[in-house]
Amino acid sequence: MADLSPESSIPEKFKLYELPFNKKIEGCDLNRSPIDKFKLAVADLCSKAFEEPIEKIYPATELGKKNVDISIAIVRFKKGKPTDLKVWADKVIDNFKPSAYLSSVSTTDNKFLFFQFNKDSFNYHLLRHISLTHEASLANPTDPTAPYGTTLEGNGKHMLIDFSSPNIAKPFHAGHLRSTIIGTVISNLYEANGWKVTRLNYLGDWGTQYGLLSIGFDRYGDEEELLKDPIHHLFQVYVKINNAKAEQKERLDAGETIPEEDQIHFQAKKVFKDMEDGEPKAIAQWARFRDLSIEKLKGTYEKLNVKFDVYWGESQVSTESMDRATRIVQEKNLTCEDRGALLVDLTKYKMDRAIIRKADGTTIYLTRDLGGLHDKYEKYKFDKHIYVVQAAQSLHFNQLFKTAELMGEPYADKLQHISFGLVRGMSTRKGTVVFLEDMIEEATETMHEQMKSNEAKYAQVENPLETSAVIGTTAVKIQDMAGKRINDYDFDIKRCTSFEGDFGPFIQYSHVRLCSVQRKNPNVPIPNSINEINISLLNETKINDILYQLALYPTIVKNAYQYSEPSQLVTWCFKLSHLVGTAWETVKVTGQEEEIAKARLYFYIQTRIVLANAMKLLSLTPIERM
């Protein structure tokens, strides 16, 4: 991030005296979060009065209590009756002097101290910081740590993240959608905190099911349909061959004799064995299905505003790495045999046994994941590797990570499984699946119809279909991220595309509103810097509520990053949007005296910038008209 403009440009009355700071003060970033300076000023006062280290006091500074900017619980540091605690409260109050940081301190019960910011100074430093970081991000558009709310915490570290991971020739279902959305936001959050991030899409492109697909395509495939829409067509083929297999099994169960070479199950196993052995014809057909599917997937990801650095897959795990994993677990006496299959015995760790090699000698998920980990570590030397996969797979990842640890792998302590709950309502039984593209198309059409209901505004939108697609994907994404990721939720296209309530379109609408302020007031001069406005004209309750929310943004980003929880950012966007809606009717720019209009316009522009930053972290595309 570029250096901010010199402190000499700050008016004398807003200059902040230097505070004692040391690296032991966790969570305090004076360069990136303006509110941290004001929290540190409180910690400094209380540290001197309580005779406690400042690094012990700072974490106790609490934000967000009603009608209070910062509070400190005296009882966290001093014991005794209220009369005893009064001595400590009085020490802070008696020694307090108003400054560019704080205007007042008080107590109601001697248990808590309540501090109020010097509002003009606080608002000045916050808006100045937002503006200057925005200028830095415009000058360095490829630097994810330039915008307001970012940090350099992960500077020099590399995070490899594995997410989305659809199966070739199968529909992009709800689990993959959740993994894609959550994984994208986690990637963005890590980049915003200074990490180098490699986004990897580990495709499900190997296994007996691809032998089954090959048999199915030979029976039911159509070249023209394959080229037109490979994933849809291969899925139709897969459903047909599965139905044929199930029908054949019923006949076998009823006592009918079918030669083994004519049984679909055995034919599929043979084709997959040919694939594992590198038989040219089997590999060529599989590779074609894979390549066509990846091209189709890339189009889907583009609609979702999602990118990957690497398309990898089970098929690309080296045989040498899988053999190495099998050899090491055997050498370390971690295995047992059962009916010809080789298993890693993790029963003493309450994880049951896990197959590492099937009885016919072919590989399975655990083998490929262990081999894949070795290949990835050799290539990327990651400091952290995250898998974003449904909670139902938790046992598999616990087994994978424990096996890597018992093997003595150097990366075993760098692995993390980020899980999430189920989405209900996106598929039905018997292979009737709601395809992601169909869902996005429906959301887009719904948004387009709503946009057309206001003819005047619709006429002003440059590309209404493109805009409705952006709002539609916003609706789908925000419904997914609104609750904690571990929670299950019911997908409801009607609810998520509503402008009423806390749904995706409401966030876009708030951004559009903030963009419209500038358009509707072309005669109000846009200030080039904070020094060109009278900051005291912004000291109104509704404005201060919004500014306080903007000040909390770096903390929200940090928490969302630390807990890998996109919902924290979504909740913040909704809170800000509601506050903007509350201020909209009374804190006007139009019709005001020029100095008031300038100050308010500047304030609304900075608010829009921060909301847009948050939306981009959530992989949304902020729109200007709708």
Side-chain angles (χ1 to χ4, degrees), residues 23 26-27 29 32 143-145 149-165 178-203 306-314 316-317 321 325 365-366 368-391 393-420 481 484-486 554 556-569 617-619:
K23 290 182 180 178
E26 289 188 18
D29 193 337
R32 298 283 179 141
D143 181 2
T145 65
T150 60
T151 78
L152 295 172
E153 184 183 310
N155 202 24
K157 295 179 184 176
H158 183 195
M159 191 271 277
L160 177 68
I161 183 166
D162 173 339
F163 65 100
S164 191
S165 305
R178 290 214 78 186
S179 174
T180 305
I181 293 170
I182 294 166
T184 295
V185 178
I186 289 170
S187 301
N188 294 345
L189 287 167
Y190 269 77
E191 283 183 332
N193 282 277
W195 290 69
K196 175 189 175 186
V197 174
T198 299
R199 296 163 170 83
L200 184 145
N201 197 341
Y202 184 69
L203 302 168
V306 169
K307 64 177 182 179
F308 288 96
D309 301 298
V310 184
Y311 282 88
W312 210 48
E314 295 177 79
Q316 290 169 292
V317 178
S321 291
Y365 298 121
L366 183 61
R368 295 195 282 270
D369 279 352
L370 285 168
L373 267 173
H374 177 73
D375 287 346
K376 287 181 281 187
Y377 188 68
E378 287 296 301
K379 183 172 183 178
Y380 298 107
K381 297 297 181 191
F382 52 78
D383 297 285
K384 190 171 192 175
H385 184 6
I386 289 174
Y387 296 83
V388 185
V389 184
Q390 204 169 70
Q393 296 294 318
S394 292
L395 175 61
H396 169 72
F397 285 103
N398 287 339
Q399 290 174 329
L400 174 65
F401 297 168
K402 191 66 185 179
T403 304
E405 179 192 326
L406 295 172
M407 288 169 63
E409 299 288 32
Y411 50 76
D413 62 346
K414 304 176 190 295
L415 310 174
Q416 183 182 4
H417 171 213
I418 290 176
S419 60
F420 53 85
M481 294 186 283
K484 289 188 175 180
R485 58 178 164 77
I486 201 60
I556 299 297
V557 173
K558 194 182 298 181
N559 289 342
Y561 153 68
Q562 287 176 343
Y563 297 104
S564 298
E565 193 57 83
S567 64
Q568 298 208 14
L569 258 180
L617 282 180
L618 290 168
S619 77

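As a basis for the values below, the full set of heavy atoms in this structure was taken, side chains included, without hydrogen atoms, waters or symmetry mates. Worth saying up front: this structure is predicted, and the values here are computed from it rather than measured.
- To the nearest 0.5 angstrom, W312 atom CH2 is 9.0 Å from L160 atom CG.
- F308 contributes atom CZ, which lies 8.0 Å from atom OG of S187 (distance to the nearest 0.5 angstrom).
- Taking the side chain as every heavy atom from C-beta outward, L203 and Y311 approach each other to under 4.5 Å.
- For the atom pair OH of Y561 and CD of E153, the computed distance is 3.5 Å after rounding to the nearest 0.5 Å.
- The salt bridge (Lys or Arg N to Asp or Glu O under 4.0 Å) test applied to E409 returns R324, not counting sequence neighbours.
- Nearest heavy atoms, G372 versus V317: N-CG1, 3.3 Å.
- Listed by chain and residue number, N559, E565, Q568 satisfy the side chain to side chain contact (heavy atoms under 4.5 Å, CB included) test with Y563 (two or more places apart in sequence, or in another chain).
- For the side chain to side chain donor-acceptor pair (under 3.5 Å) test, no residue two or more places apart in sequence or in another chain qualifies with Q562.
- Residues satisfying the side chain to side chain donor-acceptor pair (under 3.5 Å) criterion with S564, sequence neighbours excluded, are absent altogether.
- No option in R199, K307, K196 other than R199 meets the salt bridge (Lys or Arg N to Asp or Glu O under 4.0 Å) test with E191.
- With sequence neighbours left out, D29 forms a side chain to side chain donor-acceptor pair (under 3.5 Å) with no residue at all.
- Dense packing is recorded around OH of Y411, with more than 12 heavy atoms of other residues, nucleotides or ligands lying under 6.0 Å away.
- Residues meeting the side chain to side chain donor-acceptor pair (under 3.5 Å) test with Q399, sequence neighbours left out: none.
- With sequence neighbours excluded, the residues that form a side chain to side chain contact (heavy atoms under 4.5 Å, CB included) with D369 are Y202, H396, L400.
- In this structure the side chain of N155 never reaches within 4.5 angstrom of the side chain of T145, judged on heavy atoms.
- At least one side-chain heavy atom of V557 sits under 4.5 Å from a side-chain heavy atom of L189.
- In this structure, CD1 in I182 is found 11.5 Å from OG in S164, a value given to the nearest 0.5 Å.
- Closest non-hydrogen pair, L415 versus A404, comes out as CD1-CB, 4.5 Å.
- For D413, the side chain to side chain contact (heavy atoms under 4.5 Å, CB included) criterion is met by no residue, not counting sequence neighbours.
- Of all heavy-atom pairs spanning S165 and N201, the tightest one is N-OD1, 3.0 Å.
- In terms of the salt bridge (Lys or Arg N to Asp or Glu O under 4.0 Å) criterion, K414 has no residue partners (sequence neighbours excluded).
- Applying the side chain to side chain contact (heavy atoms under 4.5 Å, CB included) test to S419 and every residue at least two apart in sequence or in another chain returns A391, S394, H417, R485, I486.
- Distance check, rounded to the nearest 0.5 Å: CG of D162 to CG of L200 gives 5.5 Å.
- Distance check: I161 CD1 to I186 CD1 gives 5.0 Å after rounding to the nearest 0.5 Å.
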Using a 3.5 Å cut-off and no angle test, enumerate the donor-acceptor pairs between side-chain atoms of residues 377-384 and protein atoms at least two apart in sequence or in another chain.
from : atom 1 : to   : atom 2 : distance (Å)
D383 : OD2    : H158 : N      : 2.8
K384 : NZ     : Y190 : OH     : 2.7
K384 : NZ     : Q416 : OE1    : 3.2

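- The two residues P144 and T150 make their nearest non-hydrogen contact at O-CG2, 3.3 Å.
- Between A325 and M407 the shortest heavy-atom distance is CA-CE, 3.7 Å.
- The nearest pair of heavy atoms linking S619 to T184 is CB-CG2, 3.6 Å.
- Applying the salt bridge (Lys or Arg N to Asp or Glu O under 4.0 Å) rule to pairs touching residues 180-190 yields nothing, sequence neighbours excluded.
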